[in-house]
Asker: 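Take a look at the following structure, please.
Just follow the structure's listing: the first ligand is 1, and inside any ligand the first atom is 1.
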Amino acid sequence: MSNEQIKNLEEIFEARIARDEKIEPKDWMPEKYRKTHIRQMSQHAHSEIVGMLPEGNWISRAPSLRRKAALLAKVQDEAGHGLYLYSACETLGISRDELFEQLHSGKAKYSSIFNYPTVTWADMGAIGWLVDGAAIINQVPLCNTSFGPYARAMVRVCKEESFHQRQGFEIMLKLCNGSPEQKDMAQDALNRWWWPSLMMLGPTDAESIHTEQSMKWKLKRKSNDELRQQFIDQTVPQADILGLTIPDPDLKFNEETGSYDFGEIDWDEFWQVVKGHGPSNKKRMKDRIGAWEEGTWVRDAAMAYAEKQDARNTKLKTA
Ligand code: BYC
């Protein structure tokens, strides 16, 4: 294709984005748009399935049948989110095997938040309340993202995240209205998950390398800092309802901006975790790779069955 032809296609593409049209997998798109989407969607998919690990740790120790059923459903939803997102990625010409290879070799990132350990039952509450709370804030704008398969997947994901957030808040509410030991457990979980939840929304706008281009393509609709502020403003009143203290002495409502000012985030910690040196990075990767290896026979059996069905259908057609 000549440079002139590519320029024309780019102009048509940009005009479609400007008109808020959805871009579909078979439409022409700039190579950078395709790669950026594979990067973000696959990181998102990896986060969903790695995110199952810290919570899966508590399924067998949930304090009641009701809590166990809700947690089991939540973790199962996350597997489903991973599936929609991997499928959306595949429409851009990358295979599932390649995507897993990128995760297992450490080439692809997944969310920093899942590299922290879940040490008490209250962590299930804090993850639902804070981590899913931050995820909803980040993901609702993605329902309007420009790439059709991603936007459509996010509609269902957000509905399910909303249930996840509520089950987390309900766990926290119960603990906060329980014995002093239970309330301490809830406060301890908030202390440990607060700052990582703020980091989860990505580096500051000044540090973010992809935001500017992703906003132009309407992949991102809000910047990392805007989403972080929205999350803080939404969550502080919820902590008040719980009677818990946000572990930030600099947190203060600003009458002028109508938002909360907050303290310095430890970005060194964030980058250490992103680079693989967080408290649970090694364990997460070991468990993830282990699950992949142990599941080989299931994938082989499914493929053998599919091939057998294909052969049978072909035989029937030609008979
Ligand atoms: N962790 O230029 P930036 C969930 C990387 S799953 C690790 O701002 P971007 C849930 C970033 O990738 C939650 N890495 O990037 C599941 C980039 O590095 P590369 C996951 C991070 O893409 C189970 C570099 O830092 N949600 O909700 O414009 C249970 C510079 O950053 C992180 C999604 O994935 C991080 N936290 O913005 C419960 C949502 N932040 O790629 C809950 C979709 C940044 O150049 N993703 N980096 O090597 C997004 O919205 C965006 O990708 C982000 C980052 C806001 C995360």
Asker: With a cut-off of 4.0 Å, which atoms of ligand 1 are near a heavy atom of Tyr150?
Answerer: 43 (C)
Asker: Does a side-chain N-to-carboxylate-O contact under 4.0 Å join Arg221 and Asp20?
Answerer: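 The answer is yes: the pair qualifies as a salt bridge.
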Asker: In the protein, what heavy atom is nearest to atom 27 (O) of ligand 1, and what distance, to one decimal place, separates them?
Answerer: Ala135 CB, 3.0 Å
Asker: For a quick test of reading the model, state the closest non-hydrogen atom pair linking Trp195 to Glu264 and the distance between them.
Answerer: CZ3-O, 3.7 Å
Asker: For Thr204 and Glu207, does a side-chain donor sit closer than 3.5 Å to a side-chain acceptor?
Answerer: no
Asker: For ligand 1, find out whether one of its N or O atoms is nearer than 3.5 Å to an N or O atom of Ile209.
Answerer: yes
Asker: Can you list the atoms of ligand 1 that are under 4.0 Å from a heavy atom of Tyr110?
Answerer: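 Listed by number with element: 1 (N), 7 (C).
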Asker: Between ligand 1 and Asn224, is the shortest N or O to N or O distance under 3.5 Å?
Answerer: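 In this structure, Asn224 places an N or O atom under 3.5 Å from an N or O of ligand 1.
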Asker: Which option out of Gln43, Met200, Arg221, Glu48 puts a heavy atom nearest to atom 16 (C) of ligand 1?
Answerer: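 Nearest option to atom 16 (C) of ligand 1, by heavy atoms: Glu48.
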Asker: Could you tell me, atom by atom, which parts of ligand 1 come under 4.0 Å of a heavy atom of Arg39?
Answerer: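 Near Arg39, meaning under 4.0 Å from one of its heavy atoms, ligand 1 has 12 (O), 22 (O), 41 (O).
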Asker: Against heavy atoms of Leu201, which atoms of ligand 1 measure under 4.0 Å?
Answerer: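 So the atoms of ligand 1 that pass are 55 (C).
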Asker: List the closest protein heavy-atom neighbour of atom 38 (C) of ligand 1: residue, atom name, distance to the nearest 0.1 Å.
Answerer: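 Protein heavy atom with the smallest distance to atom 38 (C) of ligand 1: Asp132 OD1, 3.4 Å.
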Asker: Roughly how far apart are Thr120 OG1 and Met185 CE, rounded to 0.5 Å?
Answerer: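 One gets 4.5 Å once the value is rounded to the nearest 0.5 Å.
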Asker: Between the side chains of Gln309 and Asn313, does any donor sit under 3.5 Å from an acceptor?
Answerer: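 No, no side-chain donor-acceptor contact under 3.5 Å.
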Asker: Please report which non-hydrogen protein atom sits nearest to atom 44 (C) of ligand 1, along with the residue it belongs to and the distance in Å to one decimal place.
Answerer: Pro203 CD, 3.5 Å
Asker: Membership question, hydrophobic clusters at under 4.5 Å side-chain separation (ILVMFWY): are Trp28 and Leu219 in the same one?
Answerer: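 Shared cluster, yes.
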Asker: Taking distance alone, with no angle check, do Ser47 and ligand 1 share an N/O pair under 3.5 Å?
Answerer: no
Asker: Side-chain donor-acceptor pairs under 3.5 Å in residues 125-142, sequence neighbours left out?
Answerer:
{"from": "Trp129", "atom 1": "NE1", "to": "Gln238", "atom 2": "OE1", "distance (Å)": "2.8"}
{"from": "Asp132", "atom 1": "OD2", "to": "Lys74", "atom 2": "NZ", "distance (Å)": "2.8"}
{"from": "Gln139", "atom 1": "NE2", "to": "His44", "atom 2": "NE2", "distance (Å)": "3.0"}

Asker: Below 3.5 angstrom, do we get any N/O pair linking Lys74 and ligand 1?
Answerer: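 N/O-N/O distance under 3.5 Å: no.
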Asker: Between Met52, His210, Met199, flag the one that comes closest to atom 45 (O) of ligand 1 by a heavy atom.
Answerer: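 That would be His210.
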Asker: Closer than 4.0 angstrom, basic N to acidic O: yes or no for Glu170 and Arg67?
Answerer: yes
Asker: Please determine whether any non-hydrogen atom of His81 lies less than 4.0 Å from an atom of ligand 1.
Answerer: no
Asker: Tell me the closest heavy-atom pair linking Ile49 and Gly82, and the distance in Å.
Answerer: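 Shortest heavy-atom contact: CG2-CA, 4.3 Å.
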Asker: At less than 4.0 angstrom from any non-hydrogen atom of Ser111, what atoms of ligand 1 do you find?
Answerer: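 Listed by number with element, the hits are 1 (N), 36 (N).
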Asker: Please report which non-hydrogen protein atom sits nearest to atom 49 (C) of ligand 1, along with the residue it belongs to and the distance in Å to one decimal place.
Answerer: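 Residue, atom and distance for the closest contact: Gln40 NE2, 3.5 Å.
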Asker: With nothing but distance in play, are any N or O atoms of Gln139 less than 3.5 Å from an N or O of ligand 1?
Answerer: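 Yes, since at least one N or O of Gln139 sits under 3.5 Å from an N or O of ligand 1.
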Asker: I'd like to check which ligand 1 atoms, numbered from 1 as shown, lie under 4.0 Å from a non-hydrogen atom of Trp271.
Answerer: 25 (O)
Asker: What is the nearest protein non-hydrogen atom to atom 14 (N) of ligand 1, stated with its residue, atom name and distance?
Answerer: Lys109 CD, 3.6 Å
Asker: Distance to 0.1 Å, residue and atom name: give those for the protein heavy atom nearest to atom 47 (N) of ligand 1.
Answerer: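 In this structure, atom 47 (N) of ligand 1 has Phe270 CZ, 4.2 Å as its nearest protein heavy atom.
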Asker: Quick one: nearest non-hydrogen protein atom to atom 54 (C) of ligand 1, plus distance?
Answerer: Lys220 NZ, 4.2 Å
Asker: Within a strict 4.5 Å, meaning less than it, do heavy atoms of the Tyr33 and Leu92 side chains meet?
Answerer: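 Answer no - side chains too far apart.
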Asker: Suppose I only count heavy atoms of Ser208 and a 4.0 Å limit; which atoms of ligand 1 are within that range?
Answerer: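 Going through ligand 1 atom by atom, the ones under 4.0 Å from Ser208 are 2 (O), 3 (P), 8 (O).
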Asker: Can you tell me the protein heavy atom closest to atom 50 (O) of ligand 1 and the distance?
Answerer: Asn138 ND2, 2.9 Å
Asker: Would a 4.0 Å cut-off, counted as strictly less than, catch a protein heavy atom around atom 10 (C) of ligand 1?
Answerer: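 Yes, there is one.
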